[in-house]
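Proteins come first, then strands; the chains are lettered A, B, ... in the order of their sequence lines, and each starts at number 1.
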Protein chains: 2
Amino acid sequence: MYEVIRKPTIVDVARAAQVSTATVSRVLNGRRVDPELVRRVRAAAAELHYRPNGTARSLQAGATRLIGVLVPDLGNPSFSELLRGLADATGTHGHRLLVADSKESQDEERALIHELALHCDGLVLCSPRLPLEELARFAVGPLVCTNREVGGLSMSSAGVDSYAGMTEVVRHLATLGHRHIGYLAGPPDSWSNAERQRALGDSAAALRLQVTVVQAGSTSDDGHRALPALLAAGVTAVVAFNDLVAIGLLAGLREQGLDVPRDVSLAGFDDIPVAQFLAPPLTTVRLPTEEVGRQAWELLREQLQQAGRHGTVRLPTELVVRGSTGPAPDTV
Amino acid sequence: MYEVIRKPTIVDVARAAQVSTATVSRVLNGRRVDPELVRRVRAAAAELHYRPNGTARSLQAGATRLIGVLVPDLGNPSFSELLRGLADATGTHGHRLLVADSKESQDEERALIHELALHCDGLVLCSPRLPLEELARFAVGPLVCTNREVGGLSMSSAGVDSYAGMTEVVRHLATLGHRHIGYLAGPPDSWSNAERQRALGDSAAALRLQVTVVQAGSTSDDGHRALPALLAAGVTAVVAFNDLVAIGLLAGLREQGLDVPRDVSLAGFDDIPVAQFLAPPLTTVRLPTEEVGRQAWELLREQLQQAGRHGTVRLPTELVVRGSTGPAPDTV
DNA sequence: GTGAAAGCGCTAACAC
DNA sequence: GTGTTAGCGCTTTCAC
């Protein structure tokens, strides 16, 4: 008996079991087959350490059961959470995730979308940074964007209502007596950021508040760096693009000997797990990020079942008031 | 001109360009071809919106350029970081990541490994929870484990030197005068946890320190819940399985009116990004997690190039002393 | 330099 | 029930 060097195929199993490849296939896929033959096939497969080739199956089936996911930054906990929701939902339907990180680069994003599309049945683009008209070109296959408006294009969209969330947090701050609010802006290409900034502008106008926008980013370091500009502006409350940014700012304020919320109130977006454990616990707009992932899969599944059937899901946010926001300090 | 309903294949392009499929293939893959034909093929491909089928390519090539990655919890920032390193490294070699989350379940882990293996050229198992002997059965293809000893088995291993890290942090605490140290243990199946606990035991014995181990887990909630047991034991310093757990405990201590580090010193593992922004900033054992991901790819790549060629990489840790550890309180 | 044809490993008609 | 065979879409000899 000679060792098979190359990986055993269904042909090898068939030969060893003295049956046809069709029978092997049937046994492997649980079709009705004579018990004796089942036994022989099973034995041969085990003997040869046979493992079916997924690629060949996919080619034959015309589908890979792979879903491509593109995120701007794998390190951001809020994308991890989305990924988790997505992995969970797709997993129950036997689909797996092909994950790529565009590192906030539009060029990478473009290249990766092209590449992922070759291997996947559908694509989920998380907070894509590419302009809408360019995204439209990829809408040839099943496609869902998260946290990104898609206009009337033939793709689906799942996201949260950032506008309402921001409106709510601004109202909360206004109620506490704050008249000058700072905003630590997120990545310039981020649609969520634009949406939050727009809501802030609208709310501030309606409530006659002053607003100072400082460009930050999406990480704690970005928030930390933004402190000086914020202090110079003389705001009494700050809303950060996300919790990570808020955390960086919080640390900076503490280093300056400023107390939160006595001297400055602070709120974030996301409600990442650590938010509640900070000192003070962070007031934040909770986003159902994991649920966005699950909804994205549902939308994609609809497209998979019936091409061209796209929809939009916008999930509500919830203001979680904790210790980092308080009454505005008395002003002279 | 009728619309092609099914996706256009290389045959459609060949027909439209009046050339053979071989020529189309050559053009697509940048082989030498008559410029005029190149033009025609390009035009036809564009006209038909042709996209090559990645599955067919993979089948023909005998490789998918897909790497399966299994993590116990996608929500844990330290796995995100590893994923990032891995995505980065594999990406530069044209490989993509097939990601699955076992949710800390051994059954899921087993099932997912089987499934991933069908579609991938190689596997990276992050902190696998399955017993070693079972893992060995999967070592038929290229395989790398992270943060897991693999004995003499035919697989590679990339990880950090948890033992040395724990030894260092214990010495640090002993130097500060602590004589009774608490350990918030991680997931029971985690090899890293076992390693850290072993190091703690050894160090404590050498330094004649008392140790109290409290079972926690890997999340902040786990750390938070462990507080009562720890207080009852009367420790003056605590080492947590990871930073997340430490954060939960830190919040709990604060709620009890206890000051860190005046009343209790606290240290974690990982040095996740928020660690430095906490109040007080967290003393922790920094693990080069992203680098572990990169090294895992290098080890896998070696196996891909030459079957059976496995190795082990153990990266050094670094104690980062911040504000959460201080002198032991005077004891009566 | 180009085309015809074989074949990657599997499944699904289709005959028997 | 089981075997034979034709593909799935692509790349790659091998002739020409």
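- To the nearest angstrom, C1' of dC10(D) lies 15 Å from CZ of Arg51(B).
- Within 4.0 Å of Leu37(A), counting heavy atoms only, lie sugar-phosphate atoms of the nucleic acid but no base atom.
- Following rounding to the nearest Å, Arg15(B) (CZ) and dA4(C) (P) show an atom-to-atom distance of 13 Å.
- Comparing dG9(C), dT11(C), dG3(D) by their closest approach to the side chain of Asn53(A) singles out dG9(C).
- Note: CG (Leu118(A)) to P (dC10(D)) measures 10 Å, nearest angstrom.
- In this structure, of dC10(C), dG9(D), dC10(D), it is dC10(D) that holds the atom nearest to the side chain of Arg57(B).
- With hydrogens and angles ignored, a donor-acceptor pair under 3.5 angstrom links the side chain of Arg26(B) to the base of dG3(C).
- The side chain of Gln60(B) lies closest to dT11(D) when the candidates are dG3(D), dT11(D), dG3(C).
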For this session: Would you please test Leu123(A) and Val144(A) for side chain to side chain contact (heavy atoms under 4.5 Å, CB included) and show each step?
Result: CA-CA 6 Å; Leu123(A) 251 40; Val144(A) 178; over 6 Å; no
For this session: Apply salt bridge (Lys or Arg N to Asp or Glu O under 4.0 Å) to Asp12(B) and Arg6(B), showing your working.
Result: CA-CA 11 Å; Asp12(B) 300 313; Arg6(B) 54 169 176 66; 2.9 Å; yes
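- Nearest nucleotide to the Thr23(B) side chain, out of dT2(D), dT2(C), dT12(D): dT2(C).
- Classified by interplanar angle (parallel below 30°, tilted 30° to 60°, perpendicular above 60°), the ring pair His93(B)/Trp297(B) is tilted.
- Listed nucleotides dA12(C), dA5(C), dC10(C) differ in distance to Ala22(B); the shortest reach to its side chain belongs to dA5(C).
- One atom, CD of Glu36(B), and another, C1' of dT2(C), lie 14 Å apart when rounded to the nearest Å.
- In the model, Ser58(B) has no side-chain atom that pairs as donor or acceptor with a side-chain atom of Thr55(A) under 3.5 Å.
- For Ile10(B) and dA5(C), the CD1 to P distance is 17 Å, given to the nearest whole Å.
- Rounded to an integer number of Å, the gap from CZ of Arg6(B) to P of dC8(D) is 8 Å.
- A sub-4.0 Å separation between OP1 or OP2 of dT2(D) and a side-chain N or O of Ser20(A) is absent.
- Among dT11(C), dG1(C), dC10(D), the nucleotide with an atom closest to any side-chain atom of Asp34(B) is dG1(C).
- In this entry the distance linking CG of Asn29(A) with P of dT2(D) reads 15 Å, nearest Å.
- When the nucleotides dT12(D), dT2(D), dG9(C) are ranked by their closest atom to the side chain of Thr9(A), dG9(C) comes out on top.
- Between Arg32(A) atom CZ and dT11(C) atom C1' the separation is 20 Å, expressed in whole Å.
- Heavy-atom nearest nucleotides on DNA chain D were determined for Arg31(B) and for Leu59(A), and the one closer to the 5' end corresponds to Leu59(A).
- Salt-bridge annotation for Glu81(A) and Arg84(A): absent, with no side-chain N of the basic residue lying under 4.0 Å from a carboxylate O of the acidic one.
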